[in-house]
Amino acid sequence: MKVGERLKSPVCGAEVVIVRVDGNVAGPLLCGGEPMSADAAPAAAAATNPGLLIGKRYEGGGVEVLCVRPGAGPLVIGDAVLAEKQARPLPSSD
């Protein structure tokens with residue numbers, strides 16, 4: 001896994017871009033229990049109730065990804081489920 005790499009899910013229409021990778025990443029990135037890859041064929045039907053939302057960042061297990069196509073999810077790496085990253089509050093402008 002490299003920063004900037006685009007990964008596709010073979011089980012749903014999800015597609016992510018790797019934003020950050022720590023040195024201690026354990027295993028491949030999984031979506032719906034299947035490994036994501038750059039050359040995976042997209043699923044025929046898109047998810048009607050996507051768990052992964054377009055434009056959101058997900059982090060966990062030493063990885064941060066940006067969702068560029070929605071999908072059912074969940075994203076898992078090793079034994080860690082990636083959670084949606086919360087926005088940092090802006091500083092006050094007194």
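This structure is a prediction, so every number in the text was calculated from the model and none was measured. What you see below is based on every heavy atom in this structure, not just the backbone, and it leaves out hydrogens, waters and symmetry mates.
Distance alone, capped at 3.5 Å, places no donor-acceptor pair between the Tyr58 side chain and the Pro74 backbone.
The salt bridge (Lys or Arg N to Asp or Glu O under 4.0 Å) pairs that include a residue from residues 22-35 are Arg20-Asp22, where partners are two or more places apart or lie in different chains. Residue pairs meeting the side chain to side chain donor-acceptor pair (under 3.5 Å) criterion with at least one member in residues 78-87, sequence neighbours excluded, are Glu64-Lys85.
Note that the OG atom of Ser9 and the CG atom of Leu29 stand 9.0 Å from one another [nearest 0.5 Å]. Rounding to the nearest 0.5 Å places CG of Leu66 at 10.0 Å from CD1 of Ile18. Atom CD1 in Ile77 sits 13.0 Å away from atom CD in Glu59 (nearest 0.5 Å). From Ser37, atom OG reaches atom CD of Glu5 across 9.0 Å, with rounding to the nearest 0.5 Å.
No single ILVMFWY cluster, assembled from side-chain heavy atoms under 4.5 Å apart, contains both Leu7 and Val19. Both Met36 and Val21 are members of a single hydrophobic cluster when ILVMFWY side chains are connected at heavy-atom separations under 4.5 Å. Transitive grouping of hydrophobic side chains (ILVMFWY, heavy atoms separated by less than 4.5 Å) keeps Ile54 and Val16 in distinct clusters.
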* Intermediate values then yes/no, side chain to side chain contact (heavy atoms under 4.5 Å, CB included), Val65 and Leu75 -> CA-CA 10 Å; Val65 299; Leu75 294 174; 3.8 Å; yes

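Annotation: side-chain contact (heavy atoms from CB on, under 4.5 Å) contacts of Leu30 (sequence neighbours excluded): Pro28, Pro35, Val76.
When every heavy atom of Gly73 is checked against every heavy atom of Cys12, the shortest pair comes out as N-SG, 4.0 Å. Closest heavy-atom contact between Leu52 and Cys31: CD1-SG, 4.2 Å.
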